[in-house]
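Structure record follows, encoded as structure tokens.
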Amino acid sequence: MNSKRRRGGVKRVYELLYGEYGPQNWWPGDTAVEVCIGAILTQSTSWTNVEKAIGNLKERGLVDVRRISTTDESKLAELIRPSLYYNVKARKLKEFARFVEVEYGGQVDDMLDADTEDLREKLLGVWGIGPETSDSILLYALGKPSFVVDAYTRRIFTRMGLLEGGESYEEIKLLFESALEEDPRLYNEYHALIVEHGKTTCKTRPECETCCLEMLCDYKG
Ligand code: SF4
């Protein structure tokens with residue numbers, strides 16, 4: 001499939017998913033710091049588990065970059081235990097907090113003025129922050145236009161024939177960003193819709209008979 005048709009497919013899928021599920025209103029979180037923490041904790045676990053972990057941090061006033069920096073890593077790990085992989089995630093939180101302290105004086109809000117690409121490069125240089133986490137922070141915490149790619153994106157669009165399956169994260173991100181208007185609200189909504197579709201319909205065992213994308217999909221079971 002040529003790239004023009006792929007881009008057209010990406011736009012059409014958005015319309016169909018939006019028509020099916022409506023606005024998703026992501027991302028839950030009271031502050032930008034909380035959304036950053038959520039983006040780090042949500043890897044390889046459910047949002048329910050993340051909420052429990054964030055609840056524990058909130059109870060102790062630890063949804064705060066400076067306080068994360070000064071809190072013992074093992075104590076942090078214990079508090080975020082519900083999010084699974086808590087030891088490695090505690091280190092990631094500490095590394096992220098250190099980064100914000102050094103680069104932005106401990107103020108996540110000061111990242112709002114940064115150039116998206118420059119900030120993305122910097123975030124990717126922080127230990128434990130990969131492309132998906134970095135883009136989630138940029139998009140959902142800071143409202144910057146950086147499309148988030150996840151396993152659901154890869155699965156749905158490969159089954160549909162809009163991806164071949166071996167594309168890199170950056171190639172998939174570029175496909176979406178070249179197909180869509182550069183609008184963080186649109187990127188926000190689209191990623192949320194993809195997650196919803198991956199959870200409810202295009203699951204490991206897809207429910208194609210009830211799928212709103214069925215007429216566009218190459219999947220043959
Ligand atoms: S038709 Fe089936 S494989 Fe294709 S997107 Fe829908 S659920 Fe997934």
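Just so it is clear, the values below take in all heavy atoms, side chains as well, and ignore hydrogens, waters and symmetry mates.
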**Study point:** Distance, nearest 0.5 Å, that separates CG of L41 from CD of E34
**Key:** 10.5 Å

Practice item. Please test V126 against K92 for side chain to side chain contact (heavy atoms under 4.5 Å, CB included), starting from the C-alpha separation and ending with a verdict. Key: CA-CA 8 Å; V126 178; K92 288 181 185 184; over 6 Å; no

Point to revise | Salt-bridge contact E95-R91 (side-chain N to carboxylate O under 4.0 Å) | key: yes

Review point. Counting only heavy atoms not in R5, do more than 12 sit closer than 6.0 Å to its CZ atom?
Key: no

Check your understanding: Any side-chain heavy atom of I156 within less than 4.5 Å of one from L162?
Key -> no

Check your understanding: Is there a side chain to side chain contact (heavy atoms under 4.5 Å, CB included) between I172 and F147 once you walk through the steps?
Key -> CA-CA 9 Å; I172 300 173; F147 199 87; over 6 Å; no

Study note, to complete from the structure: Given the options I80, V35, I37, L79, I54 meets side-chain contact (heavy atoms from CB on, under 4.5 Å) only with I37

Review point. Is there a path from L213 to M215 through hydrophobic residues (I, L, V, M, F, W, Y) whose side chains come within less than 4.5 Å of each other?
Key: yes

**Study point:** Nearest non-hydrogen partners of R154 and S168, listed with the distance
**Key:** NH2-C, 4.0 Å

Point to revise | Separation between CD of E171 and CG of L163, rounded to the nearest 0.5 Å | key: 9.5 Å

Review point. Mind checking whether L138 and L174 sit in one hydrophobic cluster, side chains of I, L, V, M, F, W, Y counted as touching below 4.5 Å?
Key: no

Point to revise | Closest non-hydrogen atom pair between I137 and A39, with its separation | key: CG1-CB, 3.9 Å

Review point. Heavy-atom distance under 4.5 Å between the side chains of E132 and V148, does that happen here?
Key: yes

Check your understanding: Which heavy atom of P82 sits nearest a heavy atom of N49, and at what distance?
Key -> O-CB, 3.1 Å

Check your understanding: Do K144 side-chain atoms and L112 backbone N/O form a donor-acceptor pair below 3.5 Å?
Key -> yes

Review point. When hydrophobic residues are tied together by side-chain contacts of less than 4.5 Å, even through go-betweens, does L93 share a cluster with W127?
Key: no

Point to revise | Residue pair E189 / Q24, side-chain heavy-atom distance below 4.5 Å | key: yes

Check your understanding: Any link between Y169 and L124 through a network of hydrophobic side chains (Ile, Leu, Val, Met, Phe, Trp, Tyr) touching at under 4.5 Å?
Key -> no

Check your understanding: Is there a donor-acceptor pair under 3.5 Å between the side chain of N188 and the backbone N or O of L139?
Key -> no

Review point. Under 3.5 Å, is there a donor-acceptor pair between the D135 and Y187 side chains?
Key: no

Point to revise | Beyond-backbone contact of Y140 with C36, side-chain heavy atoms, under 4.5 angstrom | key: no

Exercise for review: Indicate the atoms forming the closest heavy-atom contact of K11 with A179, along with that distance.
Suggested key: CE-O, 2.8 Å

Exercise for review: Evaluate the side chain to side chain contact (heavy atoms under 4.5 Å, CB included) criterion for residues D64 and V33: first the C-alpha distance (whole Å), next the side-chain angles of each, then the deciding distance (0.1 Å), finally the verdict.
Suggested key: CA-CA 7 Å; D64 179 286; V33 184; 5.8 Å; no

Study note, to complete from the structure: On a heavy-atom basis, the closest approach of C208 and Y219 is SG-CD2, 3.9 Å

Review point. Hey, are the side chains of Y18 and Y190 touching, using non-hydrogen atoms and a 4.5 Å cut-off?
Key: no

Practice item. Apply the test salt bridge (Lys or Arg N to Asp or Glu O under 4.0 Å) to residues K75 and E78: give CA-CA distance (whole Å), side-chain angles for both, the deciding distance (0.1 Å), then the verdict. Key: CA-CA 5 Å; K75 183 180 172 199; E78 199 49 47; over 6 Å; no

Review point. Quick one: CG on L193 to CD on E196, what's the gap to the nearest 0.5 Å?
Key: 8.0 Å

Point to revise | Linked, directly or transitively: Y85 and F96 (ILVMFWY side chains, under 4.5 Å) | key: no

Check your understanding: Got a second to check how far Q43's CD is from I129's CD1, nearest 0.5 Å?
Key -> 9.0 Å

Check your understanding: Are E15 and R12 within salt-bridge range, i.e. N to O under 4.0 Å?
Key -> yes

**Study point:** Main-chain N/O of F99 paired with K122 side-chain donor or acceptor, under 3.5 Å
**Key:** no

Review point. Does E181 CD have over 12 foreign heavy atoms under 6.0 Å away?
Key: no

Check your understanding: Does T70 use its side chain to pair, donor to acceptor, with the backbone of R67 at less than 3.5 Å?
Key -> yes

Review point. What's the verdict on side chain to side chain contact (heavy atoms under 4.5 Å, CB included) for L123 and M111, showing C-alpha distance, side-chain angles and the deciding distance?
Key: CA-CA 11 Å; L123 285 168; M111 295 159 82; 4.2 Å; yes

Check your understanding: Should the heavy atoms of other residues, nucleotides or ligands under 6.0 Å from CD of E73 be counted, would the total exceed 12?
Key -> yes

Practice item. Taking the side chain as every heavy atom from C-beta outward, state whether F176 and F157 have any pair of such atoms under 4.5 Å apart. Key: yes

Review point. Where the side chain of T153 meets the backbone of D150, is there a donor-acceptor pair that is under 3.5 Å apart?
Key: yes

Revision key, fill the gap. Rounding to 0.5 Å, atoms CE (M160) and CZ (R155) come to a distance of 14.0 Å

Exercise for review: Assess the side chains of T71 and K94: does a donor N or O sit below 3.5 Å from an acceptor N or O?
Suggested key: no

**Study point:** Side chain to side chain, L16 and L216, heavy atoms closer than 4.5 Å
**Key:** yes

Point to revise | Y14 OH: over 12 foreign heavy atoms closer than 6.0 Å | key: yes

Exercise for review: Answer yes or no: is there a donor N or O on one side and an acceptor on the other, between the side chain of R66 and the main chain of G105, under 3.5 Å?
Suggested key: yes

Practice item. State the CD1-CG distance between I68 and L57, to the nearest 0.5 angstrom. Key: 6.5 Å

Practice item. Measure across P145 and T116 and return the closest heavy-atom pair with its distance rounded to 0.1 Å. Key: CD-OG1, 4.0 Å

Review point. Do C202 and R159 have side-chain heavy atoms sitting under 4.5 Å apart?
Key: yes

Study note, to complete from the structure: side-chain contact (heavy atoms from CB on, under 4.5 Å) with L175: of E167, E170, R6, only one passes, and it is R6

